[in-house]
Amino acid sequence: MNVAGYIFAGLAAAVHVYIFVLESILWTAPKTRATFGVKSEEEAITTQSLAFNQGFYNLFLAIVSVIGIVIAATGSASVGIALVLAGTGSMVAAGVVLILSSPDKARAAVVQMLFPAIAVVLLVIHLL
């Protein structure tokens, strides 16, 4: 079992749960608005349903990754690593899409994809 890869996958899941909280629960809060560059409370209210939905995408990616970690730790390494790679790989892909579509949000994209990218690299190396 590649413990380092699973640790980074767990950190990636934690970051994505935090993003879920920001987007789906705290979207209209002043600190959250500042984090995402939402200028006014009115704009936050207008975009709240979009953020709510996107937050759940982040939560689901985290859940898939955590389930994979648990399954790998309980004896089914191949199923576990497949789930972890599906979750973390999707996190990395979403970060790449964010950079390509909004270069001004590159910092946010790096936060979103750094831990999962490390996890993917470590787990793929382990598979080789």
Side-chain angles (χ1 to χ4, degrees):
M1 186 161 133
N2 183 347
V3 175
Y6 291 120
I7 288 171
F8 278 101
L11 292 170
V15 168
H16 281 72
V17 168
Y18 177 66
I19 294 169
F20 158 75
V21 170
L22 291 177
E23 291 176 338
S24 296
I25 298 170
L26 301 175
W27 184 249
T28 59
K31 286 184 179 182
T32 303
R33 291 194 330 254
T35 298
F36 287 93
V38 177
K39 307 267 189 254
S40 66
E41 186 173 358
E42 293 77 27
E43 183 182 357
I45 290 168
T46 301
T47 59
Q48 191 168 19
S49 65
L50 297 170
F52 182 79
N53 188 48
Q54 185 166 315
F56 273 90
Y57 274 95
N58 285 293
L59 179 63
F60 298 147
L61 294 176
I63 290 170
V64 167
S65 299
V66 169
I67 290 171
I69 293 167
V70 170
I71 289 173
T74 58
S76 186
S78 59
V79 172
I81 200 166
L83 288 171
V84 172
L85 287 173
T88 57
S90 295
M91 292 172 190
V92 172
V96 169
V97 169
L98 182 57
I99 288 173
L100 294 176
S101 65
S102 300
D104 60 313
K105 293 183 175 58
R107 182 179 178 274
V110 169
V111 167
Q112 174 180 329
M113 65 190 279
L114 180 63
F115 289 149
I118 294 169
V120 167
V121 169
L122 292 173
L123 293 170
V124 169
I125 288 170
H126 174 75
L127 287 174
L128 301 175

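By convention here, the first residue in the shown sequence is residue 1.
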Could you tell me whether the side chain of [X] and the main chain of [Y] form a donor-acceptor pair under 3.5 Å?
| X | Y | result |
| --- | --- | --- |
| Ser102 | Lys105 | no |
| Ser76 | Ala72 | no |
| Ser24 | Val21 | no |
| Gln112 | Ala108 | no |
| Thr32 | Thr28 | no |
| His126 | Leu122 | no |

(message) Quick check on Tyr57: does its OH atom have over 12 non-hydrogen neighbours (other residues, nucleotides or ligands) under 6.0 Å away?
(response) no
Working to the nearest 0.5 angstrom, can you tell me the gap between [X] [atom1] and [Y] [atom2]?
| X | Y | atom1 | atom2 | result |
| --- | --- | --- | --- | --- |
| Gln48 | Glu41 | CD | CD | 9.5 Å |
| Ile81 | Tyr6 | CD1 | OH | 4.0 Å |
| Leu11 | Leu114 | CG | CG | 10.0 Å |
| Ile69 | Ile7 | CD1 | CD1 | 9.5 Å |
| Leu59 | Gln54 | CG | CD | 13.0 Å |
| Asp104 | Leu98 | CG | CG | 8.5 Å |

(request) Can you label the angle between the Phe56 ring and the Phe20 ring as parallel, tilted or perpendicular, going by 30° and 60°? (result) perpendicular
Would you say [Y] ends up clustered with [X] if hydrophobic residues are merged whenever their side chains have heavy atoms under 4.5 Å apart, either directly or through other cluster members?
| X | Y | answer |
| --- | --- | --- |
| Val38 | Tyr18 | yes |
| Ile125 | Val3 | no |
| Val70 | Val79 | no |
| Phe115 | Val111 | yes |
| Ile67 | Val64 | yes |

(message) Measuring only between side-chain heavy atoms, which start at C-beta, is His16 closer than 4.5 Å to Phe60?
(response) no
(message) Is there a side-chain contact between Val96 and Leu100 in this structure, where contact means two heavy atoms from C-beta onward sitting under 4.5 Å apart?
(response) yes
Which heavy-atom pair separates [X] from [Y] by the least distance, and what is that distance?
| X | Y | answer |
| --- | --- | --- |
| Ala13 | Ala62 | O-CB, 3.5 Å |
| Val120 | Gly89 | CG2-N, 3.9 Å |
| Gly68 | Leu83 | CA-CB, 3.7 Å |
| Ser40 | Glu43 | OG-N, 3.0 Å |
| Ala119 | Ala9 | CB-N, 3.6 Å |
| Trp27 | Arg33 | O-CG, 3.6 Å |

(message) Test question: given the 4.5 Å side-chain rule for I, L, V, M, F, W and Y, name all other residues clustered with Leu61, or answer none.
(response) Met91
(message) So, applying side-chain contact (heavy atoms from CB on, under 4.5 Å) with Asn58, which one of Val17, Ile19, Val15, Leu22 is it?
(response) Ile19
